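See structure below.
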Amino acid sequence: MLRPLPMANPLWAPWRIEYILSPKDRSRGCVFCGVAEASADELRARHVVCVTESAFVVLNRYPFASGHLLVVPHAHVDAVEALDDTAYDALFRLLRESVVRVKRAFKPEGLNVGLNLGAVAGAGIAEHAHAHVVPRWSGDTNFMPVLADVRVVPQALDATLDHLAPHFADVPGRVRGPAACP
Ligand SMILES: [Zn+2]
(Lines give C-alpha, C1' and ligand atoms only; values in the text may rest on other atoms or scores of the structure.)
Protein backbone atom coordinates (compact mmCIF):
# COMPACT_ATOMS: atom_id res chain seq x y z
CA MET A 1 0.00 0.00 0.00
CA LEU A 2 1.22 3.45 -0.86
CA ARG A 3 1.77 5.75 2.00
CA PRO A 4 2.63 9.43 1.84
CA LEU A 5 6.22 10.04 2.70
CA PRO A 6 6.71 12.03 5.87
CA MET A 7 7.58 15.60 5.06
CA ALA A 8 11.02 16.72 6.03
CA ASN A 9 10.91 19.14 8.91
CA PRO A 10 12.55 22.28 7.55
CA LEU A 11 15.02 23.95 9.84
CA TRP A 12 13.65 27.32 8.83
CA ALA A 13 10.14 27.83 7.55
CA PRO A 14 9.60 31.55 7.15
CA TRP A 15 6.54 31.05 4.98
CA ARG A 16 4.55 29.81 7.95
CA ILE A 17 4.99 32.81 10.20
CA GLU A 18 4.94 35.46 7.49
CA TYR A 19 1.48 34.45 6.43
CA ILE A 20 0.15 33.89 9.95
CA LEU A 21 1.28 37.29 11.15
CA SER A 22 0.47 39.31 8.06
CA PRO A 23 -2.02 42.15 8.44
CA LYS A 24 -5.46 40.88 7.55
CA ASP A 25 -7.10 44.30 7.59
CA ARG A 26 -6.38 45.59 4.09
CA SER A 27 -8.84 48.49 4.32
CA ARG A 28 -5.98 50.96 4.78
CA GLY A 29 -4.25 49.86 1.61
CA CYS A 30 -0.90 48.27 0.88
CA VAL A 31 1.62 48.61 3.73
CA PHE A 32 4.50 48.74 1.24
CA CYS A 33 3.13 51.51 -0.96
CA GLY A 34 3.73 55.24 -0.44
CA VAL A 35 7.27 54.93 0.90
CA ALA A 36 8.76 56.77 -2.09
CA GLU A 37 6.84 59.92 -1.08
CA ALA A 38 7.09 59.53 2.72
CA SER A 39 8.78 62.15 4.91
CA ALA A 40 11.74 61.27 7.12
CA ASP A 41 9.42 61.17 10.14
CA GLU A 42 7.04 58.82 8.34
CA LEU A 43 9.96 56.62 7.33
CA ARG A 44 10.98 56.38 10.96
CA ALA A 45 7.42 55.55 12.06
CA ARG A 46 7.28 52.79 9.43
CA HIS A 47 10.77 51.52 10.35
CA VAL A 48 12.13 52.17 6.87
CA VAL A 49 15.92 51.92 6.93
CA CYS A 50 16.84 53.28 3.51
CA VAL A 51 15.10 54.49 0.34
CA THR A 52 16.50 54.44 -3.18
CA GLU A 53 14.91 55.60 -6.44
CA SER A 54 13.29 52.22 -7.14
CA ALA A 55 13.25 50.29 -3.87
CA PHE A 56 13.55 50.47 -0.09
CA VAL A 57 14.63 48.50 2.97
CA VAL A 58 12.27 48.13 5.92
CA LEU A 59 12.41 46.21 9.20
CA ASN A 60 10.04 43.27 9.31
CA ARG A 61 7.43 44.05 11.96
CA TYR A 62 7.43 40.37 12.91
CA PRO A 63 11.09 39.44 12.76
CA PHE A 64 12.63 36.00 13.13
CA ALA A 65 15.72 37.66 14.46
CA SER A 66 16.85 41.14 15.28
CA GLY A 67 17.73 42.76 11.98
CA HIS A 68 15.26 40.82 9.81
CA LEU A 69 14.86 43.10 6.79
CA LEU A 70 12.56 43.26 3.83
CA VAL A 71 13.80 44.68 0.54
CA VAL A 72 10.86 46.02 -1.42
CA PRO A 73 10.44 47.58 -4.87
CA HIS A 74 8.35 50.76 -4.90
CA ALA A 75 6.34 49.23 -7.73
CA HIS A 76 3.23 47.44 -6.49
CA VAL A 77 3.56 44.16 -8.39
CA ASP A 78 2.97 40.58 -7.28
CA ALA A 79 5.76 38.99 -9.35
CA VAL A 80 9.42 39.78 -9.85
CA GLU A 81 9.01 39.25 -13.59
CA ALA A 82 6.52 42.14 -13.60
CA LEU A 83 9.30 44.57 -12.69
CA ASP A 84 11.02 46.35 -15.54
CA ASP A 85 14.78 45.85 -15.85
CA THR A 86 15.62 49.05 -13.96
CA ALA A 87 13.41 48.16 -11.00
CA TYR A 88 14.56 44.53 -11.01
CA ASP A 89 18.22 45.49 -11.01
CA ALA A 90 17.64 48.10 -8.31
CA LEU A 91 15.86 45.55 -6.10
CA PHE A 92 18.63 42.98 -6.27
CA ARG A 93 21.42 45.54 -5.95
CA LEU A 94 19.73 46.82 -2.80
CA LEU A 95 19.34 43.22 -1.60
CA ARG A 96 23.08 42.74 -2.02
CA GLU A 97 23.82 46.01 -0.20
CA SER A 98 21.50 44.92 2.59
CA VAL A 99 23.35 41.65 3.04
CA VAL A 100 26.64 43.54 3.28
CA ARG A 101 25.23 45.97 5.87
CA VAL A 102 23.51 43.31 7.97
CA LYS A 103 26.80 41.43 8.16
CA ARG A 104 28.56 44.59 9.33
CA ALA A 105 25.87 45.65 11.78
CA PHE A 106 25.05 42.31 13.40
CA LYS A 107 27.97 39.98 12.61
CA PRO A 108 25.65 36.99 12.10
CA GLU A 109 27.02 33.49 11.62
CA GLY A 110 24.87 33.10 8.49
CA LEU A 111 21.94 34.64 6.65
CA ASN A 112 18.77 33.52 4.95
CA VAL A 113 17.92 35.44 1.81
CA GLY A 114 14.82 34.73 -0.20
CA LEU A 115 11.43 35.51 -1.63
CA ASN A 116 8.07 33.96 -0.87
CA LEU A 117 6.09 34.51 -4.06
CA GLY A 118 2.34 33.99 -3.78
CA ALA A 119 0.21 33.29 -0.71
CA VAL A 120 0.55 29.53 -1.19
CA ALA A 121 4.32 29.97 -0.91
CA GLY A 122 3.85 31.83 2.35
CA ALA A 123 3.92 35.45 1.27
CA GLY A 124 2.18 37.50 3.93
CA ILE A 125 1.73 40.40 1.52
CA ALA A 126 1.61 38.55 -1.77
CA GLU A 127 0.31 41.47 -3.79
CA HIS A 128 3.53 43.49 -3.33
CA ALA A 129 6.57 41.27 -3.94
CA HIS A 130 9.47 41.63 -1.49
CA ALA A 131 12.65 39.84 -0.45
CA HIS A 132 13.76 38.80 3.04
CA VAL A 133 17.19 39.11 4.62
CA VAL A 134 17.42 37.30 7.96
CA PRO A 135 20.61 37.20 10.03
CA ARG A 136 21.09 33.80 11.69
CA TRP A 137 22.95 32.50 14.66
CA SER A 138 23.39 28.89 15.72
CA GLY A 139 20.71 27.95 18.22
CA ASP A 140 18.10 30.43 16.99
CA THR A 141 16.13 27.82 15.00
CA ASN A 142 12.41 28.39 14.88
CA PHE A 143 12.21 30.44 18.02
CA MET A 144 9.61 32.80 16.56
CA PRO A 145 7.26 30.42 14.72
CA VAL A 146 6.26 28.68 17.95
CA LEU A 147 5.05 32.02 19.27
CA ALA A 148 2.47 32.73 16.63
CA ASP A 149 0.77 35.45 18.63
CA VAL A 150 3.91 37.24 19.65
CA ARG A 151 4.04 40.93 18.93
CA VAL A 152 7.41 42.53 18.88
CA VAL A 153 7.51 45.59 21.06
CA PRO A 154 7.88 48.80 19.04
CA GLN A 155 10.83 49.91 21.17
CA ALA A 156 12.83 46.92 19.97
CA LEU A 157 12.21 47.93 16.36
CA ASP A 158 13.17 51.55 17.11
CA ALA A 159 16.43 50.41 18.66
CA THR A 160 17.15 48.14 15.71
CA LEU A 161 16.42 51.00 13.31
CA ASP A 162 18.81 53.32 15.16
CA HIS A 163 21.53 50.68 15.04
CA LEU A 164 21.02 49.78 11.40
CA ALA A 165 20.19 53.05 9.60
CA PRO A 166 23.73 54.54 9.87
CA HIS A 167 25.09 51.42 8.15
CA PHE A 168 22.87 52.25 5.15
CA ALA A 169 23.86 55.92 4.92
CA ASP A 170 26.32 55.26 2.07
CA VAL A 171 24.21 52.83 0.04
CA PRO A 172 24.67 53.71 -3.66
CA GLY A 173 21.58 55.46 -4.98
CA ARG A 174 20.18 56.24 -1.52
CA VAL A 175 17.79 59.19 -1.73
CA ARG A 176 16.38 59.30 1.80
CA GLY A 177 16.49 57.69 5.22
CA PRO A 178 14.52 57.83 8.45
CA ALA A 179 14.63 60.80 10.81
CA ALA A 180 17.22 60.41 13.53
CA CYS A 181 16.23 59.25 16.98
CA PRO A 182 14.38 62.15 18.68
ZN1 LIG B 1 2.01 47.99 -2.60
Side-chain angles (χ1 to χ4, degrees), residues 13-99 101-102 111-135 144-145 148 150-152 154 156-158 160-161 164-165 167-169 171-179:
W15 49 89
R16 290 185 293 181
I17 201 71
E18 184 187 355
Y19 181 74
I20 291 166
L21 296 181
S22 64
K24 300 300 186 290
D25 174 13
R26 303 297 169 83
S27 60
R28 283 176 293 176
C30 176
V31 297
F32 291 148
C33 279
V35 166
E37 301 81 33
S39 69
D41 286 338
E42 286 174 78
L43 295 181
R44 181 171 186 84
R46 295 173 73 165
H47 299 112
V48 173
V49 180
C50 171
V51 182
T52 68
E53 200 70 47
S54 301
F56 65 97
V57 179
V58 62
L59 298 182
N60 192 340
R61 287 185 63 195
Y62 309 109
F64 286 92
S66 190
H68 180 169
L69 302 179
L70 306 177
V71 186
V72 191
H74 292 314
H76 182 94
V77 297
D78 63 1
V80 286
E81 64 270 32
L83 296 168
D84 64 28
D85 286 352
T86 302
Y88 183 89
D89 289 351
L91 176 65
F92 283 93
R93 285 173 188 275
L94 188 55
L95 182 64
R96 182 173 64 191
E97 294 294 337
S98 297
V99 167
R101 269 106 183 135
V102 164
L111 295 103
N112 287 105
V113 175
L115 297 94
N116 303 329
L117 297 172
V120 71
I125 301 168
E127 63 271 25
H128 195 139
H130 55 280
H132 292 253
V133 176
V134 188
M144 287 291 287
V150 77
R151 291 295 181 271
V152 176
L157 291 177
D158 286 343
T160 304
L161 186 70
L164 209 47
H167 288 276
F168 282 77
V171 162
R174 178 184 180 277
V175 293
R176 211 174 308 114

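Note that ligands are numbered from 1 as they come in the structure, with each ligand's atoms numbered from 1 the same way. Predicted model, so just to flag it, every value in this text is computed and none were measured.
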For SG in C33 and SG in C30, the angle at the Zn ion (ligand 1) (nearest 10°) is 120°
Looking only at N, O or S atoms in H76, which is nearest to the Zn ion (ligand 1)?
ND1
What is the name of the N/O/S atom in H128 that sits closest to the Zn ion (ligand 1)?
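For H128, the N/O/S atom sitting closest to the Zn ion (ligand 1) is ND1.
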Within a 6.0 Å radius of atom CZ on R174, are there more than 12 heavy atoms belonging to other residues, nucleotides or ligands?
yes
Within the 6.0 Å centroid threshold, strictly below: H76 and F32
no
Is the shortest side-chain heavy-atom distance between L164 and L69 below 4.5 Å?
yes
Whether the N116 and H130 side chains hold a donor-acceptor pair (N or O, under 3.5 Å, no angle test) is what I'd like checked.
no
